[in-house]
Structure formats: structure tokens, C-alpha cells
Protein chains: 2
Amino acid sequence: MTEGPTKKPSRIQMRNRRVILDAALEVFSRHGYRGATLDLIATEAGISKPNILYYFDGKEDIHVTLLSQLMETWLDPLVELDPNGDPVEEILAYVQRKLDMARDLPRESRLFAGEILQGAPRITPELHTSLRPLFDEKCALISRWVNEGVLPPLDPQHLIFSIWATTQHYADFQAQVHILLAPNSDAYDAAANHLRVLFRSMLTRS
Amino acid sequence: MTEGPTKKPSRIQMRNRRVILDAALEVFSRHGYRGATLDLIATEAGISKPNILYYFDGKEDIHVTLLSQLMETWLDPLVELDPNGDPVEEILAYVQRKLDMARDLPRESRLFAGEILQGAPRITPELHTSLRPLFDEKCALISRWVNEGVLPPLDPQHLIFSIWATTQHYADFQAQVHILLAPNSDAYDAAANHLRVLFRSMLTRS
DNA sequence: GCGAATTTTTACCATTTGGTAAATCTACGA
DNA sequence: TCGTAGATTTACCAAATGGTAAAAATTCGC
């Protein structure tokens with residue numbers, strides 16, 4: 001472990017690590033950290049448990065690896081918020097991107113939600129180093145837009161919270177949403193329309 | 001279990017069941033269902049593990065009891081949505097009540113969120129019998145308001161989702177919120193202001 | 001094809017955890 | 001105060017679970 005340059009991974013290592021992480025994402029997001037077992041992950045991956053421990057140092061290593069890899073994808077929509085674009089359209093496009101992610105990557109959303117829900121015991125450092133600076137930067141950008149008068153007065157921090165909350169809700173609370181919505185309706189289309197109206201109303205009020 | 005009328009619980013039973021449930025709420029909300037152990041709950045409650053199993057049939061029994069008791073409290077703010085009140089003020093008051101609950105009962109919020117996040121394996125029946133009818137009823141009420149022209153066109157289902165999502169976010173994602181917000185600021189006051197503006201904008205747009 | 005390195009399996013193990021049986025202690029009404 | 005129903009503790013247990021050692025199998029550069 002105190003070795004210098006890590007050997008570049010073989011094709012087998014690349015493939016198996018990917019297979020294991022995909023299985024682990026499925027299992028962790030469905031059962032939570034403690035509810036997930038190495039046996040479940042092993043079965044899901046089609047790889048024996050000791051073999052999984054050949055590729056990862058342990059259960060926690062798999063979990064942390066997943067969360068770290070996820071973080072980049074997760075923050076990407078916010079990174080793309082363009083200082084040079086039209087403020088209202090930029091923010092609405094951000095809402096749409098976040099909603100698309102909730103639709104396309106619900107397991108990732110639930111994995112992240114589960115970690116935060118339990119106090120972010122394994123990802124707090126990353127939140128400080130990755131999320132916090134980006135959050136501050138984009139809050140400053142939105143504040144600038146407000147000060148320039150191109151946006152009405154609003155709280156950038158809580159605006160972003162509202163966007164996160166409303167979009168991720170469809171992935172994180174999917175079980176509830178499915179019970180409450182008519183099964184044939186396309187929840188995401190309706191949600192997209194609703195959220196566009198909701199946030200546009202706030203961003204364009206006179 | 002096939003007995004007829006259950007004996008009325010003694011004072012000791014009342015007290016100990018309350019103590020156990022309170023400890024279990026703390027432990028379940030912090031660690032999730034699988035992460036919570038009877039030993040943790042026992043320590044937190046100051047009651048030995050076998051003694052806990054004298055009052056409850058098992059771990060799942062405690063969890064289900066907690067969720068069932070919580071459901072009533074949880075739905076209460078929505079029950080109070082008054083068909084005879086002013087639509088905009090009624091909905092904004094509902095938002096405030098939900099936000100107050102997230103502030104005052106964060107453990108309950110996280111317990112519920114954890115259950116839904118994992119597919120509501122132990123509370124799905126209650127969601128159908130308790131939540132669904134109330135949800136449908138209040139959606140119909142809001143639809144009526146829209147049809148009467150006292151509210152602008154909007155999707156009642158997704159409006160309620162947005163209210164749930166934005167308010168519960170402050171309890172469920174508390175760990176993240178604490179990392180991102182300046183520690184001295186009063187998050188709930190700012191959130192209340194923000195959410196009032198957000199939803200009022202949508203409800204009063206011309 | 002061959003030897004070394006990598007990968008996989010087999011056979012385990014210690015700990016944790018939900019739960020139980022039975023003995024013991026305590027409260028409480030007669 | 002005494003007997004009994006109710007409450008609590010002690011001493012367990014079986015299954016699940018994260019993890020390991022070492023043998024066996026496979027892959028790969030030459």
C-alpha cells in the first residue's frame with residue numbers, strides 16, 4: 001500500500017471493477033449501506049465474494065469509490081451553468097438537466113440521498129472540497145445577476161436547494177410517486193412542465 | 001394472538017413502550033432500518049434487549065409501529081388545508097406548516113424518507129390506505145380552485161410534490177445543508193421567506 | 001509451449017445480531 | 001403480608017456477514 005506508481009490495470013481488472021461497481025450501485029441504492037451485503041453484490045455481479053475482495057479492499061472501499069465517481073457526474077449540471085447566458089434560461093436549463101438526471105440515473109440519486117440522509121458519514125470530505133466551492137461560486141454568480149437587476153431579489157442558496165429538492169424528489173421518493181400518480185401518466189413530462197412554470201414564475205416576477 | 005380484547009396496558013407498559021419508541025426513532029433515523037440494531041436501541045433506551053423484546057415482537061414490529069404512529073402526524077398539515085379558506089393563503093400556510101415540521105421533527109422526517117428511499121417495503125399498505133385518499137382529495141380541491149379561476153392553471157399533484165420536496169429537504173439533507181450554509185445564519189427563517197416567494201409567485205402569476 | 005504473474009475458488013473464521021428459554025425479581029391487590 | 005401476575009435479567013443460540021489464507025486455475029509475455 002506504500003507503493004509508488006500504481007500499475008496500470010489490466011483489461012480484466014477494468015472490466016471486473018466496472019461490473020462490481022455497477023452491481024454495488026444497484027444493491028447499495030436499493031438497500032442502503034448497511035442493508036447491502038457483499039453476498040448480494042457478489043450475486044448481482046456474478047463474481048464470488050472473495051474475488052470481489054480481490055478487487056476492492058472491502059465493503060466500505062466499494063461504497064466510497066462509488067460515491068467519489070458519482071460526485072463528478074452529479075455536479076456536472078451545475079458546472080454548466082453559464083455566466084454568459086441569459087440568467088432565467090440558464091437556471092431553467094439547469095432545472096431541466098437535474099430532472100433528466102433524476103430520470104436517467106435514479107440509482108445514483110438514491111445512493112447519494114441515502115448517504116446524506118445518514119449524516120454523510122463517508123462523503124463529508126468530498127462535500128467540502130468538491131461541492132462547497134462550486135456551490136459558493138454559483139451562488140455568487142446568481143447574486144451578481146440579482147445585483148445587476150436581471151433577476152428579481154432572491155436567495156441563491158435556497159433557490160438551489162429548491163431545485164435539488166424538487167428534481168431529486170422524483171428519483172428518491174419514486175416509491176411514493178408511483179403510488180400517488182396514475183400509472184399511465186408520464187410523470188417526468190408533467191414534472192418538467194410544472195417545474196418550468198414554478199421556477200420561471202419566481203425568476204420573472206416583476 | 002387470536003385473543004379477543006387486548007388488556008389495557010399498565011402504566012409501566014405505557015412508559016416503557018414510549019421510551020423504547022423514542023430511542024428507536026433516534027436510532028432508526030440515524031442509521032436506517034438495517035443499520036439500527038436492537039443493542040443500539042436498548043442502550044439508547046436504557047432497557048435491556050430481551051426486555052425490549054418483551055414489549056415488542058421484534059425489530060420490524062418496532063419499526064412498523066413507529067411508521068404507523070408517524071403517519072398521522074405527517075399527514076395532519078395536509079388535512080388542515082381548508083376548502084373554505086383563501087386558496088393562495090391556504091397553500092402558503094400549508095408550506096409553512098410542512099417547513100415547521102421539518103424543523104421540529106427532523107428525525108421523523110428522516111425515518112420516513114429512509115423508508116420511502118428503499119422502496120417503502122414496510123409501509124406501502126399505509127400509503128395506499130392513508131396517504132393516497134388524502135392526496136387525491138386535496139388534489140381535487142386544488143383542481144376545483146383552478147377551474148373556478150381563483151388559481152392559475154397548474155398541476156396539483158406536482159405542486160404538492162414540490163411542497164413536500166422543498167420543505168422536507170431541510171430535514172432529510174440536513175448534513176448537506178449544514179455544510180453549505182454559513183453556520184450562523186438561521187436556515188429556517190431564510191427558507192421560509194424563500195419558499196413563500198417561490199410558491200406565491202406561481203400561485204399569483206397572471 | 002512455458003514459466004511467472006494474475007485471477008479465481010475452496011474452505012474457513014470471528015463477530016455481530018435478532019431472537020429465545022428460563023430463572024429471578026418486583027409491584028400490587030386481597 | 002402474602003401470593004400471583006407482570007417485569008427484568010442471565011445465559012444462551014443459530015444465522016448472517018465481512019473478511020482471510022492458501023490452493024488451484026487461468027492468462028499472458030516471451
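Just the heavy atoms: all of them, side chains too, but no hydrogens, waters or symmetry mates, feed the values below. Just so we're on the same page: letters track the sequence lines, and every chain starts at 1.
The salt bridge (charged side-chain N to carboxylate O under 4.0 Å, His left out) pairs that include a residue from residues 172-181 of chain B number zero, where partners must be two or more places apart or lie in different chains.
Aromatic pair B:H158/A:Y188: ring centres not closer than 6.0 Å.
For B:E26, the side-chain hydrogen bond (donor to acceptor under 3.5 Å, both in side chains) criterion is met by B:R30, B:R107, not counting sequence neighbours. A search for side-chain hydrogen bond (donor to acceptor under 3.5 Å, both in side chains) contacts involving B:D76 returns nothing, not counting sequence neighbours. Scanning for side-chain contact (heavy atoms from CB on, under 4.5 Å) contacts around B:L40 gives B:V27, B:H31, B:T37, with sequence neighbours left out. With sequence neighbours excluded, the residues forming a side-chain contact (heavy atoms from CB on, under 4.5 Å) with B:A24 are B:F28, B:I41, B:I62, B:L66, listed by chain and number. Under the side-chain contact (heavy atoms from CB on, under 4.5 Å) criterion, B:D61 pairs with B:F56, B:D57, B:T65, sequence neighbours left out. For the side-chain contact (heavy atoms from CB on, under 4.5 Å) test, residues two or more places apart in sequence or in another chain that qualify with B:A42 are B:K49, B:I52.
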I'd like a table of donor-acceptor pairs (distance under 3.5 Å, sequence neighbours excluded) in which one partner is a side-chain atom from residues 119-130 of chain B, with atom names and distances.
{"unit_1": "B:R122", "atom_1": "NE", "unit_2": "B:H63", "atom_2": "ND1", "d": "3.2"}
{"unit_1": "B:T124", "atom_1": "OG1", "unit_2": "B:A120", "atom_2": "O", "d": "2.5"}
{"unit_1": "B:E126", "atom_1": "OE2", "unit_2": "B:S68", "atom_2": "OG", "d": "2.8"}
{"unit_1": "B:H128", "atom_1": "ND1", "unit_2": "B:T124", "atom_2": "O", "d": "3.2"}
{"unit_1": "B:T129", "atom_1": "OG1", "unit_2": "B:P125", "atom_2": "O", "d": "3.2"}
{"unit_1": "B:T129", "atom_1": "OG1", "unit_2": "B:E126", "atom_2": "O", "d": "3.4"}

Quick one: side chains of residues 87-101 of chain B, donor-acceptor pairs under 3.5 Å with protein atoms, not counting sequence neighbours, listed by atom name and distance.
{"unit_1": "B:E89", "atom_1": "OE2", "unit_2": "B:R200", "atom_2": "NH1", "d": "3.3"}
{"unit_1": "B:E90", "atom_1": "OE1", "unit_2": "B:D82", "atom_2": "N", "d": "2.9"}
{"unit_1": "B:Y94", "atom_1": "OH", "unit_2": "B:W164", "atom_2": "NE1", "d": "2.7"}
{"unit_1": "B:Q96", "atom_1": "NE2", "unit_2": "B:D100", "atom_2": "OD1", "d": "3.0"}
{"unit_1": "B:R97", "atom_1": "NE", "unit_2": "B:P77", "atom_2": "O", "d": "3.3"}
{"unit_1": "B:R97", "atom_1": "NH2", "unit_2": "B:P77", "atom_2": "O", "d": "2.9"}
{"unit_1": "B:D100", "atom_1": "OD1", "unit_2": "B:R103", "atom_2": "NH2", "d": "3.4"}

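Rounding to whole angstrom units, CD1 of residue A:I20 and C1' of C:dT8 are separated by 12 Å. One atom, CG of B:L53, and another, P of C:dA21, lie 12 Å apart when rounded to the nearest Å. Atom OH of B:Y54 is separated from atom P of C:dT26 by 15 Å (rounded to the nearest Å). The distance from atom CG of B:N16 to atom C1' of D:dG6 is 12 Å, rounded to the nearest whole Å. Here D:dT20 presents its P atom at 15 Å from CG of A:D39, a figure rounded to the nearest Å. One atom, NZ of A:K59, and another, P of D:dA16, lie 15 Å apart when rounded to the nearest Å. Across the protein-nucleic acid pair, A:I41 atom CD1 and D:dA16 atom P stand 18 Å apart, rounded to whole Å.
Using a 4.0 Å heavy-atom criterion, one finds that B:L38 contacts the sugar-phosphate atoms exclusively. Residue B:F56 is classed as having no contact, given no heavy-atom separation below 4.0 Å to the nucleic acid.
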Contact list (N/O, under 3.5 angstrom) for nucleotides 24-26 of chain D vs protein:
none

N/O-N/O pairs, protein side and nucleotides 9-11 of chain C side, under 3.5 Å:
{"unit_1": "C:dT9", "atom_1": "OP2", "unit_2": "A:S48", "atom_2": "OG", "d": "3.2"}

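Taking only side-chain nitrogens and oxygens, A:Q13 never comes nearer than 4.0 Å to OP1 or OP2 of C:dT6.
For DNA chain D, the neighbouring residues in residues 28-37 of chain B, judged by any heavy atom under 4.0 Å, are B:R34.
The aromatic rings of B:W74 and B:F112 lie tilted to each other, with the angle between the two planes from 30° to 60°.
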